[in-house]
Amino acid sequence: MQTIYYDLRDTKGQQKEIEDKISAAAKILREGGLVGIPTETVYGLGADGSNPAAVRRIFEVKGRPQDNPLILHVTGAQWLPRYCVDIPPVAYTLARKFWPGPLTMILKRQPGVPDETTAGLDTVGIRCPNHPVTLAIIREAGMAIAAPSANTSGRPSCTTAQDVMEDVGGRVDMVVDGGPCTVGVESTVLDLTCEPPRLLRPGGLPVEDIERLIGHVDVDRAVVASLGPEERPGAPGMKYRHYAPKAPVTVVTGAPMNSAREIERRAGPGAGVICFDEYAHLFPQQLVHSLGPSNDKQLQAQRVFEALRSFDATGVTEIFAQCPDNRGLGLAVSNRLKKAAGFHVIDADSQRIILGITGGTGAGKTSALDALRSLGGTVIDCDAVYHAVLSGSEDFKNAINEKFPGVFSQEGQLNRRKLGQEVFAKRDRLDQLNAIVFRFLIPELERLVAAQEGLCALDAVNLFESGLDRLCDRTIAVTAPTELRVKRIMGRDRISEQYARLRINAQKQDEYYRGKCDCELNNATESPEEFRKDALLFFERLVESIREEKRHG
Ligand code: AMP
Ligand code: MG
């Protein structure tokens, strides 16, 4: 199907021509067609709200879930009684102050409003958009336009007519270009069928502005958190993973300097980064999309969807986003980012400290970790996590078995020895194994680390090869003179001197760890008690300096 594109960005030009285009759009709507319409929030995909067949087409074109209602767009509060009943006076108070504007009110519906528009609810969402072109089209059509955002379901909303053409071009009758959206996030949805009114979706009108006019407003839990499988949000649309670009998104909250640093630590080269202007220079190797200055939330709202969309045309495999605080428009911006991330959120202000501990056998890693435990730290043993993940994942086992046939017994038990022989001294085979292990292990370790609140150590031999060092505030090499290591592992593992040397030589040497890690804990004493004391002091000082650094950003 051919989509007609009308450019109405400039409405000061040829009046006759503009009126003709508006009449043409209105005619399409009256005849049951679909029109992409500009509003100040985001572009909408409009149809005659009283025509069930036309409204059904919106759902088809967007791939929108049937239970997600649309919003009726009108030109003013005088339309309310046509579509709503039991209208409380506060609806008129709000309309007087905020319409036309980014406020959708949820009210009891008139029986005449089709189920298709309200998704079968006995309420209806209604708003008056602040855009001259769409207001003119509604007036000319003489009916309320039912419209959701014009994006295909699940994608970031459209803030330009080009976005709309990209998403639904060829499947709708017309797209009207009214220029880029000035607000940039969807309307604020406020339920007026309860007392006090309830914020169902944060949007272009800050809830503080509403509260200044009508007093306290409750906030639906879905606005700030991801809901459990049994919970239902007030606005059905809030339960869907929304606004998502193709690559997975991690949102980082906290003071801007802290969140920028946290992203700097985590984002590998080639990652996508959404950040405030002040911090863009921290990411020379990443693909950066700036949201504007950290104190300009209006600009952040305008840019948030464009930022999320922009990465889809690139090859980035992960996206990190700096998140504003929840005040004013920040609540809507942060909600859109968090939903895009499936609520995968990291708080850079938390007092979490992650230390990566590595080093060769016999150097004293175990004693160092004991010292950390006595400081209240948690130790994540990456080797143990590897075995737990492996035993629970058929995909993981299959991936190993494919490359290393025969290392599993009939019962699915891994023969570690056999696998060890396969990779021992064969560099490329070891690399192949590591690639598989890291692929399955890293997401689980990331989850474990994200769940930590205080001091935590990652005990990992392959701290750098796996990329786990990126999760750490500091990496620590535990080192010791070779002769001491030989003696220790001879005693500990009851092995010959020759075999002890062989094992030590098969591993990376202290120079490697020293070169890679942020700091070194050298264990040159023959007394375990003395080393424990050294290690305690070392970690106490280290933790104190990291805390200090986090406090001052
Ligand atoms: P969209 O503009 O595409 O985000 O879709 C409209 C939004 O308004 C969705 O999140 C809906 O869940 C919400 N909405 C529309 N009508 C109602 C209603 N009657 N009750 C609650 N939420 C509604
Ligand atoms: Mg939408």
Side-chain angles (χ1 to χ4, degrees), residues 34 36-47 49 55 58-74 80 83-87 91 102-111 113-129 131 134 144-159 163-164 167-168 181 183-194 197-205 218-223 227 232-245 304-305 308-309 332 335-336 339-340:
L34 302 192
I37 51 171
T39 82
E40 80 282 29
T41 57
V42 299
Y43 272 76
L45 183 55
V55 171
I58 293 181
F59 283 83
E60 280 162 30
V61 167
K62 273 183 64 95
R64 185 175 175 95
Q66 293 292 335
D67 65 351
N68 195 0
L70 311 184
I71 292 169
L72 281 181
H73 293 73
V74 297
L80 287 177
Y83 301 102
C84 314
V85 294
D86 299 344
I87 305 164
L103 173 66
T104 295
M105 301 195 248
I106 306 297
L107 294 162
K108 284 249 171 62
R109 71 157 162 170
Q110 284 281 4
V113 181
D115 277 345
E116 280 78 0
T117 299
T118 67
L121 298 176
D122 61 0
T123 55
V124 61
I126 194 157
R127 106 168 172 103
C128 173
H131 197 292
T134 289
I145 300 182
S149 53
N151 54 289
T152 46
S153 256
R155 286 208 75 200
S157 299
C158 303
T159 52
D163 292 343
V164 182
D167 270 27
V168 298
C181 300
V183 173
V185 290
E186 297 87 339
S187 58
T188 300
V189 177
L190 187 69
D191 188 351
L192 294 179
T193 66
C194 47
R198 195 174 184 81
L199 177 75
L200 303 186
R201 172 174 83 181
L205 179 65
D218 278 344
V219 175
D220 200 63
R221 225 178 75 78
V223 169
L227 298 187
R232 274 205 197 172
M238 292 290 278
K239 74 170 169 281
Y240 296 105
R241 173 148 190 244
H242 232 139
Y243 316 122
V304 64
F305 284 125
L308 288 167
R309 273 182 171 262
N335 169 268
R336 302 309 186 266
K339 289 197 74 172

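Just follow the structure's listing: the first ligand is 1, and inside any ligand the first atom is 1.
Taking a 4.0 Å cut-off on heavy atoms, Asn68 registers as neighbouring ligand 1. Not a single heavy atom of Asn151 sits closer than 4.0 Å to an atom of ligand 1.
Heavy-atom minimum distance, Thr188 versus Leu205: OG1-O, 2.7 Å. When all heavy atoms of Ser149 and Lys62 are compared, the pair lying nearest together is O-NZ, 2.6 Å.
No hydrogens or angles considered: nothing links the side chains of Arg336 and Ser157 as a donor-acceptor pair under 3.5 Å. With hydrogens and angles left out, the side-chain atoms of Thr117 and Arg109 include no donor and acceptor closer than 3.5 Å.
Side-chain atoms of Arg127 and Thr39, non-hydrogen and from C-beta on, do get closer than 4.5 Å to each other. Contact annotation: the side chain of Val168 never approaches that of Cys158 to less than 4.5 Å [non-hydrogen atoms, C-beta and beyond].
Taking every heavy atom of Val124 and a limit of under 4.0 angstrom, the matching atoms of ligand 1 come to 19 (N). Ligand 1 places these atoms under 4.0 Å from at least one heavy atom of Pro148: 2 (O), 3 (O). Distances below 4.0 Å separate heavy atoms of Leu121 from the following atoms of ligand 1: 18 (C), 19 (N), 20 (N). The Ile71 neighbourhood of ligand 1 comprises atoms 6 (C), 8 (O), with distances under 4.0 Å to a heavy atom of that residue. The atoms of ligand 1 that sit less than 4.0 Å from any heavy atom of Leu70 are 15 (C), 16 (N).
Around atom 14 (N) of ligand 1, the closest heavy atom drawn from Gly237, Gly125, Pro69 belongs to Pro69. In this structure, of Ile106, Ile126, Ile58, the residue bringing a heavy atom nearest to atom 18 (C) of ligand 1 is Ile106. Distances from atom 6 (C) of ligand 1 to the heavy atoms of Glu186, Arg64, Arg109, Met105 show the closest one on Arg64.
Of the protein's non-hydrogen atoms, the one nearest atom 19 (N) of ligand 1 is Thr123 OG1, 3.0 Å. Nearest protein heavy-atom contact of atom 21 (C) of ligand 1 is Gly234 O, 3.5 Å. Here the protein heavy atom with the shortest distance to atom 2 (O) of ligand 1 is Ser149 N, 3.4 Å. Considering only non-hydrogen protein atoms, atom 13 (C) of ligand 1 sits nearest to Ala235 CB, 4.2 Å. Closest to atom 7 (C) of ligand 1 among all protein heavy atoms lies Arg201 NH1, 3.5 Å.
For Ser149, the nearest N, O or S atom to the Mg ion (ligand 2) falls under 2.8 Å.
Ion pairing of Asp67 with Arg232 is absent here, as no side-chain N (NZ or NE/NH1/NH2) approaches a carboxylate O to less than 4.0 Å.
The distance from the CG atom of Leu107 to the OG1 atom of Thr193 is 8.0 Å, given to the nearest 0.5 Å.
Within a 6.0 Å sphere centred on NZ of Lys239, other residues, nucleotides and ligands contribute more than 12 heavy atoms.
Put simply, the side chain of Arg198 never gets that close to the backbone of Asp220: no donor and acceptor are under 3.5 Å apart.
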